[in-house]
Amino acid sequence: MSPDSIPQISLGTAVLVIFLVCAGIVMLRGMTRMLIGTGVLALSAWIGFVVWQKAPALSIEWFGKPLGFITTGLPVAAFLGSFFLIRRIAKAVASPFGEKTGPNANRPRSFIGLVARLLLALIPTALICLMGAIYIHHTGSIAEIRAFAEKKSGSGEPVPTKRRQNLKDSVGRALPESWLRFLDPLADPARLTLAKVITARSDTPPAPAIDPATGKAIPRAIIVDDPDLQTLAREGKFGTLLRHPLLTKALDDPKVQALLKDLNL
């Protein structure tokens with residue numbers, strides 16, 4: 001099922017729904033199990049996210065070019081592998097002698113305990129909402145590059161792309177900018193601008209890239225004419241383009257950073 005086929009709801013409604021689900025899980029499964037499960041999920045997701053960021057660089061190092069089974073498959077395998085491994089370790093540590101049985105196993109919970117569990121349900125709610133927000137923010141950034149490419153080609157901007165960009169804007173207003181820079185560094189505005197420049201150049205013959213603000217040629221360090229990057233742009237693989245290590249290398253150049261700030265793409 002495509003994400004675009006899911007009915008659009010407000011972020012506040014989504015947070016409330018996630019909290020109610022987490023609260024129900026807390027009351028049904030217990031406080032300790034909830035905390036352990038949340039920790040396992042968060043750690044596994046973080047491992048998968050880090051591998052996902054580094055996957056294109058690893059693919060280029062191993063095979064000389066970004067390959068789908070590495071850029072996509074490796075992060076998925078890292079998440080699933082770490083999730084099952086950490087889960088087994090956590091389960092062994094939390095219940096070394098098996099499930100709790102006996103007369104106190106099904107003891108009724110007090111009202112204070114119930115309130116405490118509801119409050120603790122905020123922990124998984126916050127983590128799940130944060131992971132979802134970063135996913136929305138990053139996919140919105142990819143949609144922004146895709147919309148730029150489609151507008152450049154004259155095909156217009158489709159409604160699903162606009163929807164993703166609107167969701168990204170909502171996340172940008174809800175989360176501090178410093179959080180977004182830390183949690184989603186690949187969607188940095190300068191990196192997005194550089195990806196758009198590469199996309200704009202992907203269908204044109206090689207020629208000096210001119211900065212429209214200054215009329216001067218953009219330094220070759222910006223690598224806008226790199227054939228691998230232009231191929232990714234032409235094939236619509238904007239997610240891989242955004243993660244490509246050559247963009248990171250180019251953005252380390254202060255001159256490139258200064259020129260990108262003047263571009264309005």
Side-chain angles (χ1 to χ4, degrees), residues 1 3 14-15 17-63 66-110 112-139 171 175 178-187 239-240 243 245:
M1 181 175 62
V15 170
V17 170
I18 293 173
F19 171 73
L20 292 176
V21 172
C22 292
I25 293 174
V26 168
M27 289 186 289
L28 292 175
R29 303 302 297 265
M31 179 174 59
T32 303
R33 188 172 297 177
M34 179 274 296
L35 291 174
I36 293 175
T38 300
V40 170
L41 178 62
L43 184 56
S44 302
W46 180 255
I47 292 173
F49 180 64
V50 171
V51 174
W52 179 80
Q53 289 180 310
K54 299 181 181 298
L58 293 174
S59 181
I60 293 172
E61 180 181 347
W62 295 342
F63 301 101
L67 298 176
F69 76 93
I70 296 294
T71 57
T72 302
L74 188 61
V76 172
F79 168 74
L80 294 177
S82 60
F83 177 79
F84 287 110
L85 178 61
I86 297 172
R87 182 172 177 269
R88 290 183 67 88
I89 294 174
K91 187 175 181 180
V93 172
S95 303
F97 304 107
E99 296 291 334
K100 182 178 178 181
T101 58
N104 294 325
N106 298 315
R107 185 177 58 185
R109 299 184 176 94
S110 65
I112 296 178
L114 181 61
V115 172
R117 287 175 173 82
L118 287 174
L119 292 176
L120 285 170
L122 291 171
I123 297 175
T125 299
L127 287 174
I128 294 172
C129 289
L130 186 60
M131 289 188 289
I134 296 306
Y135 173 79
I136 291 172
H137 186 265
H138 191 83
T139 55
V171 170
L175 294 179
S178 58
W179 287 28
L180 293 175
R181 284 199 303 267
F182 174 74
L183 294 171
D184 192 16
L186 298 179
T240 304
R243 290 181 284 157

For the student: nearest non-hydrogen atoms of [X] and [Y], plus distance:
X	Y	value
Ala133	Val171	O-CG1, 3.7 Å
Ser44	Phe83	OG-CA, 3.0 Å
Leu130	Trp179	CD1-CE3, 4.4 Å
Pro75	Ala55	CG-CB, 4.1 Å

Check: [Y] and [X] side chains under 4.5 Å, non-hydrogen atoms:
X	Y	result
Phe63	Leu58	no
Leu183	Leu175	no
Pro245	Glu61	no
Met131	Leu41	yes

Got a second to check how far [X]'s [atom1] is from [Y]'s [atom2], nearest 0.5 Å?
X	Y	atom1	atom2	answer
Thr71	Ile60	OG1	CD1	10.0 Å
Phe79	Leu74	CZ	CG	14.0 Å
Cys129	Ile134	SG	CD1	12.0 Å
Leu85	Leu80	CG	CG	12.5 Å

Q. Hey, what's the ring geometry for His138 with Trp52, parallel, tilted or perpendicular (30° and 60° as the breaks)?
A.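 His138 vs Trp52 ring planes: perpendicular.
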Q | salt bridge (Lys or Arg N to Asp or Glu O under 4.0 Å) involving Arg181 - partner list, sequence neighbours excluded | A |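 Applying salt bridge (Lys or Arg N to Asp or Glu O under 4.0 Å) to Arg181 gives Glu177.
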Q. Could you walk me through whether Phe49 and Trp46 pass the side chain to side chain contact (heavy atoms under 4.5 Å, CB included) check?
A. CA-CA 5 Å; Phe49 180 64; Trp46 180 255; 4.0 Å; yes
Q. Would you say the side-chain atoms of Thr72 pair up with the backbone N or O of Phe69, donor to acceptor, closer than 3.5 Å?
A.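 No.
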Q | Ser59 side chain to Leu67 backbone, donor-acceptor under 3.5 Å | A |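 Yes.
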